[in-house]
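One-based numbering, in listed order, for ligands and for the atoms of each. Residue indices begin at 1 and follow the sequence shown. Because only heavy atoms are used, hydrogens play no part in the values below, and waters and symmetry mates are left out as well, while side chains stay in.
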Amino acid sequence: MRREEFDATWRAAAEEALTGMKQWRLEHPQATLEEIEHALDERLSKLRAQLLQDAAQASAAAEWTKAPTAERPVCPECQVPLISRGQEVRRLVTEGDRPLQLERSQGTCPRCGRAFFPSG
Ligand SMILES: [Zn+2]
């Protein structure tokens, strides 16, 4: 994702959290501090998960297949650059039980045939 796309996506996500919170407050004029806190946490954790996912996705590790051979991760056994085996979706759960989906490139060693998920 390019920087401008981040800006737009993140701005929209933040906007949604803020607008949602404002709306919730209007609908719950008698809410206690605890209830407000809970409503806020819910929205912030959703925003947090979105930002985390996008930021992680944009890392160099996710894009190593496009790197020149010399910069690719190597097999720890054979020390030869890995070959891309395409993308695999990794599903994780972050704070607030928010699901994260990270697409990561799987690599295979051309010598020993072992598969890896190089991480940055
Ligand atoms: Zn190997």
Side-chain angles (χ1 to χ4, degrees):
M1 219 191 309
R2 290 205 318 278
R3 197 192 173 121
E4 309 83 68
E5 291 168 342
F6 269 128
D7 278 355
T9 312
W10 289 5
R11 214 177 288 277
E15 196 73 31
E16 190 191 318
L18 296 178
T19 310
M21 191 59 209
K22 198 163 133 192
Q23 185 63 34
W24 182 91
R25 189 65 180 115
L26 290 173
E27 288 164 6
H28 301 82
Q30 309 291 328
T32 64
L33 180 62
E34 200 184 338
E35 288 166 340
I36 295 171
E37 203 174 12
H38 181 77
L40 184 60
D41 282 347
E42 204 172 293
R43 281 157 185 84
L44 290 182
S45 73
K46 187 181 168 194
L47 179 62
R48 182 185 181 280
Q50 162 104 54
L51 264 53
L52 181 59
Q53 178 173 303
D54 291 349
Q57 197 64 71
S59 77
E63 294 293 318
W64 67 267
T65 54
K66 294 184 185 104
T69 310
E71 290 169 22
R72 285 189 194 180
V74 297
C75 172
E77 289 290 318
C78 318
Q79 301 299 318
V80 294
L82 302 180
I83 294 172
S84 172
R85 290 291 302 273
Q87 302 268 310
E88 190 176 286
V89 176
R90 246 176 116 209
R91 285 168 216 281
L92 308 169
V93 176
T94 186
E95 269 177 40
D97 286 332
R98 295 289 170 180
L100 284 190
Q101 274 195 29
L102 298 181
E103 275 178 25
R104 306 220 310 169
S105 299
Q106 187 181 28
T108 307
C109 173
R111 192 165 300 169
C112 70
R114 284 204 288 167
F116 301 93
F117 287 102
S119 54

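Within the 4.5 Å cutoff, side-chain heavy atoms of Gln53 are placed close to those of Leu100.
Other members of a hydrophobic cluster containing Val80 are absent, since no ILVMFWY side chain comes under 4.5 Å of it, directly or through relayed contacts.
Protein N/O/S atoms closer to the Zn ion (ligand 1) than 2.8 Å number 4 in this structure.
Residues satisfying the side-chain hydrogen bond (donor to acceptor under 3.5 Å, both in side chains) criterion with Glu88, sequence neighbours excluded, are absent altogether. Here His28 pairs with Trp24, Ala31 under the side chain to side chain contact (heavy atoms under 4.5 Å, CB included) rule; sequence neighbours left out.
Of all non-hydrogen atoms in Arg43 and Gly20, the two that sit nearest each other are NE-C, 3.3 Å.
By the 6.0 Å contact criterion, CD on Glu34 is open, its count of non-hydrogen atoms from other residues, nucleotides or ligands being 12 or less.
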